[in-house]
Protein chains: 2
Amino acid sequence: MRYRRGLEARERILRATRTLIADVGLEGTTIKRICERAEVLPGSFYNLFDSKEQAILSVVREAIDAVDPDPEHKGPDSLDDLIDAYIRFVTEQEDLARVYIAIAVSAGRNRTELKQRVLRHHEGRVERFAGAITRARPELDATEARQRAERLVTSLNGMTLHYVLDPTFDLAGHVRALATETVGV
Amino acid sequence: MRYRRGLEARERILRATRTLIADVGLEGTTIKRICERAEVLPGSFYNLFDSKEQAILSVVREAIDAVDPDPEHKGPDSLDDLIDAYIRFVTEQEDLARVYIAIAVSAGRNRTELKQRVLRHHEGRVERFAGAITRARPELDATEARQRAERLVTSLNGMTLHYVLDPTFDLAGHVRALATETVGV
DNA sequence: TCGTAATTTGAGCGAACGCTCAATGTCTAG
DNA sequence: CTAGACATTGAGCGTTCGCTCAAATTACGA
């Protein structure tokens with residue numbers, strides 16, 4: 001059981017952690033800085049979280065979930081829907097997008113758990129895009145659709161990576177052009 | 001003036017720094033670990049480098065340079081040449097590829113200098129690819145070729161990002177397919 | 001071979017790290 | 001209103017961080 005006060009502090013801590021990772025990266029995200037942003041003292045932090053790692057992992061989960069919303073939906077979403085949702089995610093939740101990219105990179109080492117999570121998530125996204133591509137071009141065989149989906153998903157991440165570096169990059173335009181190209185004329 | 005002994009230690013330190021960044025990321029790369037791998041003591045490190053930052057920046061420069069070799073060449077390279085060189089870079093110098101991606105991500109914050117360096121480098125690569133695309137399809141106007149080049153370069157980074165996560169990813173196949181698609185049939 | 005410049009040694013500095021805990025303050029169910 | 005669960009406080013723990021320096025050792029031109 002938690003009191004209202006604690007739940008609010010928990011929210012502040014998670015928000016602070018998320019914006020910190022986006023601003024200064026995983027390595028620059030310290031307990032001290034989190035506590036300053038959240039207006040909380042270290043003791044309070046450790047009353048609400050077991051460790052710094054736990055708070056970070058909460059934010060990571062949040063970012064991974066945000067990148068493809070409504071994953072249980074399983075309904076036949078169109079490619080345009082998926083693309084639009086992705087563009088909205090990156091442009092409207094830039095801090096989460098930064099976290100997502102930061103995670104994808106740092107997952108390459110160390111932690112098998114995090115790596116597996118990222119790869120499983122990637123797998124799910126590819127399947128979803130493959131379904132949409134098949135629906136748009138029913139004559140394509142399954143493996144061809146899957147390959148195009150994989151190409152599209154990985155390219156999307158690359159564009160996001162560049163967008164967080166250079167906000168003037170026309171993410172929406174390039175992503176839409178790539179999608180059109182990938183699905184074929 | 002440097003003695004042979006110092007130059008060799010310098011090489012060991014740079015190699016240790018490079019593999020460490022690839023293995024554990026920028027945040028996990030500490031002086032202690034660098035010195036262990038390089039079989040050197042901290043005092044020696046600081047006799048050869050001004051700071052940890054300097055050693056890291058040397059490796060970063062190395063990675064950025066490796067990603068498009070022979071930049072002064074300026075000769076008319078074909079798109080296939082550029083693509084093949086890129087695939088070779090990522091698959092044969094995986095640790096440098098990891099460094100390159102790690103840098104691209106962490107450049108998004110903090111250091112304006114590093115960010116500018118990465119963006120300038122990106123600009124150069126786009127120009128080079130745009131030239132190759134124009135040569136392959138002379139009827140395309142300049143801005144169209146440039147947009148396709150930008151799409152290609154950012155997508156390449158995304159595929160590299162995924163490749164360092166999942167070495168079974170068919171980087172060469174996907175990159176070649178994307179290039180074919182981008183340049184048009 | 002000798003002189004000096006380069007290099008190595010390794011204890012240890014101050015600062016920052018993640019984290020703890022006993023005391024004190026605040027909330028809320030009954 | 002009260003009791004007891006929950007939350008906040010903040011000094012400070014042990015560790016690791018990047019880095020320094022005087023002394024000892026090694027390399028190399030003359």
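We use all heavy atoms of the structure for the numbers below, so side chains are in, but hydrogens, waters and symmetry mates are not. Here is the naming used below: chain letters follow the sequence lines, and residue numbers restart at 1 for every chain.
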Restricting to side-chain contact (heavy atoms from CB on, under 4.5 Å), what partner residues turn up for Leu7(A), sequence neighbours left out? Arg2(A)

Sequence neighbours excluded, the answer for side-chain contact (heavy atoms from CB on, under 4.5 Å) partners of Glu8(A) is Arg4(A), Arg12(A)

Between Arg146(A) and Ala130(A), is there a donor-acceptor pair closer than 3.5 Å when you use the side chain of the first and the backbone of the second? no

Under a 3.5 Å distance rule, please check whether His122(A) uses its side chain to pair with a backbone N or O of Val118(A) as donor and acceptor. no

For the pair [X] and [Y], find out whether any cationic side-chain nitrogen is under 4.0 Å from an anionic carboxylate oxygen.
X: Arg176(B); Y: Asp80(B); value: no
X: Glu181(A); Y: Arg151(B); value: yes
X: Asp23(A); Y: Arg33(A); value: no
X: Arg98(A); Y: Glu94(A); value: yes

With sugar-phosphate taken as primed atoms, P, OP1 and OP2 and all else as base, the protein-contact string of nucleotides 3-9 of chain D at under 4.0 Å (heavy atoms; B, S, -) is -BBSBBB

Determine whether more than 12 heavy atoms belonging to other residues, nucleotides or ligands lie under 6.0 Å from atom CD of Glu39(A). no

Chain B vs DNA chain C, heavy-atom contacts under 4.0 Å, first-to-last nucleotide span, 5' to 3', is dA5(C) to dG10(C)

Report the residues that fulfil salt bridge (Lys or Arg N to Asp or Glu O under 4.0 Å) with Arg18(B), sequence neighbours left out, ordered by chain and then residue number. Glu62(B), Asp95(B)

Looking at DNA chain C, which of residues 30-37 of chain A put a heavy atom within less than 4.0 Å of it? Thr30(A), Ile31(A), Lys32(A)

